[in-house]
Asks: 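Okay, handing you the structure first.
Heavy-atom basis, side chains included; hydrogens, waters and symmetry copies ignored. Note that this is a predicted model, so its numbers are computed, not measured.
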Amino acid sequence: MNRKLLLCCAALSASLLLGGCNDHDQDGAPDDGIYNPERKISTIYGQYLLPDGNLSEEELNELWFWTGNRLSAIGNEDEIFLSYIYQGDRMVEMYSYSNYLWRFFYNGSALTSIDHYDNNVLIENLKVSSRQGKHITGMEITGIQSGSPAMGDLAILFDKHLSEGITKIAQQAGQAADPTKARRSMDIHLSISYTGDNVAEVIISANDQDLKATYTYTYDDKKNPHYALYSSGQYFLSSRNNPLTLKVVYEGDRRAVDDEEINYTYQYDGEWPVKITETDGDYTIIRHIAYR
């Protein structure tokens, strides 16, 4: 299997879980830690555009394993990428094949923080700093940097584009900071605004420095099968509908960081996407989704 395609598609799918029906409040948002979509993914196949203009062969990237209405694991024919632990009806731990562990903490039905471990060593923490109803509007990520000033892997909880932005902002802040410190704390702030149950804008900033990345989204009116899913590689902060466009603008000390514009097109089976084409500059990746 093409490892690059596998990782890209893993970074383009996955996240939280449970049985029965999603609990909703008056604004339609599900409770934190609850994932039970009406249609449940069974497989995701991937393709990408080759340099000669042709598409690669379809390859199985993800098998989704369900126990009743709970998502229990995501993997492929060879290995498990992610597995999940529940307390009652909420996901409280997520394990990856690379020895990462994420622990999710709640106050009642509201997510409050996430601890990220690498081989049982706590390396990062995410705290929910503000919310409006069930919508998280602010987050603080604290990571311990060892050696190079790169953000740690808590960023991979987010989709690959947000993850890249978090990492770039952290790297720029690190380059502007005192390079003589072998270990130090890095704080990243996320400010999130919504239109309905869709994330409309995310602003990423670092410490008190003049560094910022702004992500602006538009959406279709169809159902997102990953909505409310927590995962390594995608969909934390996911939206009810599917993104059509994403614009990324960097401000401050750019350090050769380019703005981006990503476009998505879909084929649907009723209200649900079965084919997703993502175009990012010269790079195109296609995902084929099958449901149980």
Asks: Test of understanding: with side chain to side chain contact (heavy atoms under 4.5 Å, CB included), list the residues that count as partners of Arg131, not counting sequence neighbours.
Replies: Asp32, Ala110, Leu111, Val128, Ile136
Asks: Within a strict 4.5 Å, meaning less than it, do heavy atoms of the Asp89 and Asp31 side chains meet?
Replies: no
Asks: Using the test side-chain hydrogen bond (donor to acceptor under 3.5 Å, both in side chains), find all partners of Tyr217 that sit at least two apart in sequence or belong to another chain.
Replies: none
Asks: Can you name the side chain to side chain contact (heavy atoms under 4.5 Å, CB included) partners of Thr195, sequence neighbours left out?
Replies: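 Side chain to side chain contact (heavy atoms under 4.5 Å, CB included) list for Thr195, sorted by chain: Ala200.
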Asks: Go through the structure and list residues passing side-chain hydrogen bond (donor to acceptor under 3.5 Å, both in side chains) with Tyr219, not counting sequence neighbours.
Replies: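 Here the qualifying residues are Ser239.
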Asks: Could you tell me whether Asn119 atom CG has more than 12 heavy atoms of other residues or ligands within 6.0 Å of it?
Replies: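 More than 12 within 6.0 Å, yes.
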Asks: Quick one: side chain to side chain contact (heavy atoms under 4.5 Å, CB included) partners of Thr277, sequence neighbours excluded?
Replies: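 Partners of Thr277 by the side chain to side chain contact (heavy atoms under 4.5 Å, CB included) criterion, ordered by chain and then number, come out as Thr265, Lys275, Thr279, Thr284, Ile286.
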Asks: List in chain and number order the residues that pass salt bridge (charged side-chain N to carboxylate O under 4.0 Å, His left out) with Glu140, two or more places apart in sequence or in another chain; answer none if no residue qualifies.
Replies: none
Asks: Going by the angle between their ring planes, with limits at 30° and 60°, are Trp64 and Tyr35 parallel, tilted or perpendicular?
Replies: tilted
Asks: Describe, in one word, how the ring planes of Tyr97 and Phe81 are oriented to each other, choosing from parallel (under 30°), tilted (30 to 60°) and perpendicular (over 60°).
Replies: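 Geometry flag for Phe81 against Tyr97: tilted rings.
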Asks: Are any of the side-chain heavy atoms of His116 and Ile114 separated by less than 4.5 Å?
Replies: no
Asks: Salt bridge (charged side-chain N to carboxylate O under 4.0 Å, His left out) with Glu261: which residues, sequence neighbours excluded?
Replies: none
Asks: Any luck finding a side-chain donor-acceptor pair between Asn241 and Asn224 under 3.5 Å?
Replies: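 Asn241 vs Asn224: no donor-acceptor pair found between side chains.
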Asks: What residues form a side-chain hydrogen bond (donor to acceptor under 3.5 Å, both in side chains) with Asn120, not counting sequence neighbours?
Replies: none
Asks: With Glu93, which residues qualify under side chain to side chain contact (heavy atoms under 4.5 Å, CB included), at least two apart?
Replies: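 Partners of Glu93 under the side chain to side chain contact (heavy atoms under 4.5 Å, CB included) test: Ile85, Tyr95, Leu101, Arg103.
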Asks: What orientation do Trp272 and Tyr291 show, parallel under 30°, tilted 30 to 60°, or perpendicular over 60°?
Replies: perpendicular
Asks: Can you list everything that forms a salt bridge (charged side-chain N to carboxylate O under 4.0 Å, His left out) with Glu201? Sequence neighbours excluded, please.
Replies: none
Asks: For Asp220, what residues pass the side-chain hydrogen bond (donor to acceptor under 3.5 Å, both in side chains) criterion, not counting sequence neighbours?
Replies: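 side-chain hydrogen bond (donor to acceptor under 3.5 Å, both in side chains) check on Asp220 returns Asn242, Tyr268.
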